[in-house]
Chemist: 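Here it is: the structure, laid out below.
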Amino acid sequence: MKCFLVFSAVLVLAAAQQYSSENDDLDIEAVVKDPETLKVFVECFNDKGSCNEQMADFKKDIPEAVVESCSKCTAAQKHIFRRFLEVLKVENAQEYQNFKQKYDPQDKHFAALEAAIANA
């Protein structure tokens, strides 16, 4: 019985250490394939435009996700983050640099983040 309670507590703690999965169904391919939609996301994340509820939910976790190499991200969030950064780097290198500067101004965490999400 004690083992069951300990196991249950560990599962609850593990689940609490991930970001909310409510937006894990974001169709990131649709976002990155539409330049206007991608621009809206980028402007939200870089404080250059307004955010809808879904964007704001992602944005609130970005600072910690960058510093902690997405350790609390779900598999879907890692995939979303990877695709967003991949496309942003190619399609709009300046905004990619602005994003990096905003969330990692000392350039200490971004390489580890990109490595952590590379296979997502």
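Start at 1 with the first residue, then count along the sequence.
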Chemist: Between the side chains of N46 and N98, is a donor N or O closer than 3.5 angstrom to an acceptor N or O?
Modeler: no

Chemist: Measure from the side-chain N and O atoms of K59 to the backbone N and O of C44, and report whether any donor-acceptor pair falls under 3.5 Å.
Modeler: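 Such a contact is found between K59 side chain and C44 backbone.
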
Chemist: Using only atom types and a distance under 3.5 Å, with no angle test, would you say the side chain of D24 pairs donor to acceptor with the backbone of A76?
Modeler: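 No.
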
Chemist: Minimum heavy-atom separation for C73 to Q18, with atom names?
Modeler: O-NE2, 3.6 Å

Chemist: Which atom names give the shortest non-hydrogen contact between I80 and N23, and what distance separates them?
Modeler: CD1-O, 4.1 Å

Chemist: Using the side-chain contact (heavy atoms from CB on, under 4.5 Å) rule, take L113 and F81 through it: C-alpha gap first, then chi angles, then the decisive distance, then the call.
Modeler: CA-CA 10 Å; L113 167 68; F81 211 173; 3.9 Å; yes

Chemist: Given the rule in the side-chain contact (heavy atoms from CB on, under 4.5 Å) test, do L85 and Y96 qualify, once you have shown the distances and angles that lead to the verdict?
Modeler: CA-CA 7 Å; L85 292 175; Y96 172 80; 4.2 Å; yes

Chemist: Any chance you could measure E86, atom CD, to I117, atom CD1, to the nearest 0.5 Å?
Modeler: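 Those atoms lie 8.0 Å apart.
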
Chemist: For a side chain to side chain donor-acceptor pair (under 3.5 Å) with E95, tell me which candidate from K89, K48, K39 qualifies.
Modeler: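 It is K48, the one option of K89, K48, K39 that forms the side chain to side chain donor-acceptor pair (under 3.5 Å) with E95.
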
Chemist: F84 vs F45, test: ring pair (Phe, Tyr, Trp, His ring centres under 6.0 Å). Steps then yes/no.
Modeler: CA-CA 11 Å; F84 172 79; F45 295 160; 5.4 Å; yes

Chemist: Go through the steps to decide whether N92 and V42 satisfy the test side-chain contact (heavy atoms from CB on, under 4.5 Å), and finish with yes or no.
Modeler: CA-CA 10 Å; N92 193 332; V42 171; 5.8 Å; no

Chemist: Is there a side-chain contact (heavy atoms from CB on, under 4.5 Å) between L88 and F41 once you walk through the steps?
Modeler: CA-CA 10 Å; L88 186 59; F41 271 81; over 6 Å; no

Chemist: CE of M55 to CD of E43: how many Å apart, nearest 0.5 Å?
Modeler: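 Rounded to the nearest 0.5 Å, the CE-CD separation comes to 9.5 Å.
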
Chemist: Ion pair present between D27 and R83, side-chain N to carboxylate O less than 4.0 angstrom?
Modeler: no

Chemist: How long is the span from the CD1 atom in I62 to the NZ atom in K102, to the nearest 0.5 Å?
Modeler: 8.5 Å

Chemist: Using a distance-only test with no angle check, is there a side-chain donor-acceptor pair under 3.5 angstrom linking D34 and T37?
Modeler: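 Distance-only check passes for D34 and T37.
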
Chemist: Roughly how far apart are F58 CZ and Y19 OH, rounded to 0.5 Å?
Modeler: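 The CZ atom of F58 sits 12.0 Å away from the OH atom of Y19.
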
Chemist: For the atom pair OG (S20) and NZ (K60), what is the distance rounded to the nearest 0.5 Å?
Modeler: 6.5 Å

Chemist: Once rounded to the nearest 0.5 Å, what's the spacing between atom SG of C70 and atom CD of E64?
Modeler: 10.0 Å

